[in-house]
Amino acid sequence: MAGRYTGCICKSTAGHDKDTYYIILDDTNGIKVADGRLKTVKSPKHKNIRHVEIIDYKDELIVQKIIEQKLRDEDIKYSIKQFLNHTKN
């Protein structure tokens, strides 16, 4: 079962990773995020929800892969890249 924010893009607002974009993998007891590069699916970063800006953009394909436990780092990188290209235009 996916949580409320699972699959959403978020932007770090505090810490050494400020202004980094992530995808939320889990939102129980704080949030677990991954960017597919430094923070991977197997080793997600734990963040306090107050230290991220949750963006109203959810990739349903990512949510489905999270539920099926078939999410890959390449999927995360692609989804973040697509989001950034979409917001740039």
Side-chain angles (χ1 to χ4, degrees):
M1 175 81 186
R4 177 178 176 189
Y5 298 118
T6 301
C8 285
I9 300 272
C10 68
K11 180 180 177 183
S12 177
T13 58
H16 71 281
D17 62 342
K18 185 177 178 182
D19 296 328
T20 303
Y21 287 91
Y22 294 104
I23 288 188
I24 299 174
L25 303 180
D26 184 21
D27 62 352
T28 55
N29 298 327
I31 59 173
K32 292 181 184 175
V33 296
D35 64 0
R37 212 172 43 89
L38 298 175
K39 292 300 175 184
T40 62
V41 173
K42 292 186 191 261
S43 179
K45 182 172 184 69
H46 298 267
K47 295 281 287 179
N48 186 319
I49 198 159
R50 292 179 289 184
H51 297 162
V52 296
E53 173 188 347
I54 297 174
I55 299 167
D56 188 27
Y57 178 87
K58 185 181 275 196
D59 188 337
E60 294 301 327
L61 183 61
I62 294 289
V63 174
Q64 190 63 34
K65 288 187 176 192
I66 290 171
I67 292 169
E68 295 171 356
Q69 296 182 350
K70 294 183 179 181
L71 185 64
R72 301 174 310 146
D73 294 321
E74 292 79 18
D75 300 325
I76 293 173
K77 288 189 278 190
Y78 181 76
S79 182
I80 292 172
K81 183 178 178 181
Q82 289 295 103
F83 168 75
L84 293 174
N85 286 339
H86 176 71
T87 58
K88 193 184 282 186
N89 295 333

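Hydrogens, waters and symmetry mates play no part in the numbers below; they use all other heavy atoms, side chains included.
Atom CZ in F83 sits 10.0 Å away from atom CD1 in I23 (nearest 0.5 Å). We find the OG1-CG distance between T20 and L38 to be 8.5 Å, quoted to the nearest 0.5 Å. In this structure, OG in S12 is found 7.0 Å from NZ in K45, a value given to the nearest 0.5 Å. Taken to the nearest 0.5 Å, the CG atom of L61 stands 8.0 Å off from the OG atom of S79. For the atom pair CD1 (I62) and SG (C8), the distance works out to 11.5 Å, reported to the nearest 0.5 Å.
By the salt bridge (charged side-chain N to carboxylate O under 4.0 Å, His left out) test, D19 is found to be paired with K11, residues two or more places apart in sequence or in another chain being considered. The ring-ring contact (aromatic ring centres under 6.0 Å, His included) search around Y78 returns none, not counting sequence neighbours. With sequence neighbours excluded, the residues that form a side-chain contact (heavy atoms from CB on, under 4.5 Å) with E68 are Q64, K70. For E60, the side-chain contact (heavy atoms from CB on, under 4.5 Å) test picks out K58, V63, with sequence neighbours left out. Taking K65 as the reference, D75 meet the salt bridge (charged side-chain N to carboxylate O under 4.0 Å, His left out) condition, with sequence neighbours excluded.
For the side chain to side chain donor-acceptor pair (under 3.5 Å) condition, the pairs that include at least one residue of residues 28-43, sequence neighbours left out, are D26-T28.
Both I66 and Y57 are part of a single hydrophobic cluster, where members link through side-chain heavy atoms under 4.5 Å apart. Criterion: ILVMFWY side-chain heavy atoms under 4.5 Å apart, direct or through other members. Under it, L71 and I24 are not part of a common hydrophobic cluster.
In this structure the side chain of V52 never reaches within 4.5 angstrom of the side chain of Y22, judged on heavy atoms. At least one side-chain heavy atom of I54 sits less than 4.5 Å from a side-chain heavy atom of I49. With a 4.5 Å cut-off on side-chain heavy atoms, D59 and Q82 do not count as touching.
Between L25 and P44 the shortest heavy-atom distance is CD1-CB, 3.9 Å.
Counting non-hydrogen atoms of neighbouring residues, nucleotides and ligands closer than 6.0 angstrom, the CD atom of E74 exceeds 12 such neighbours.
Counting only distance, with no hydrogens or angles, the side chain of D27 and the backbone of Y5 share a donor-acceptor pair below 3.5 Å.
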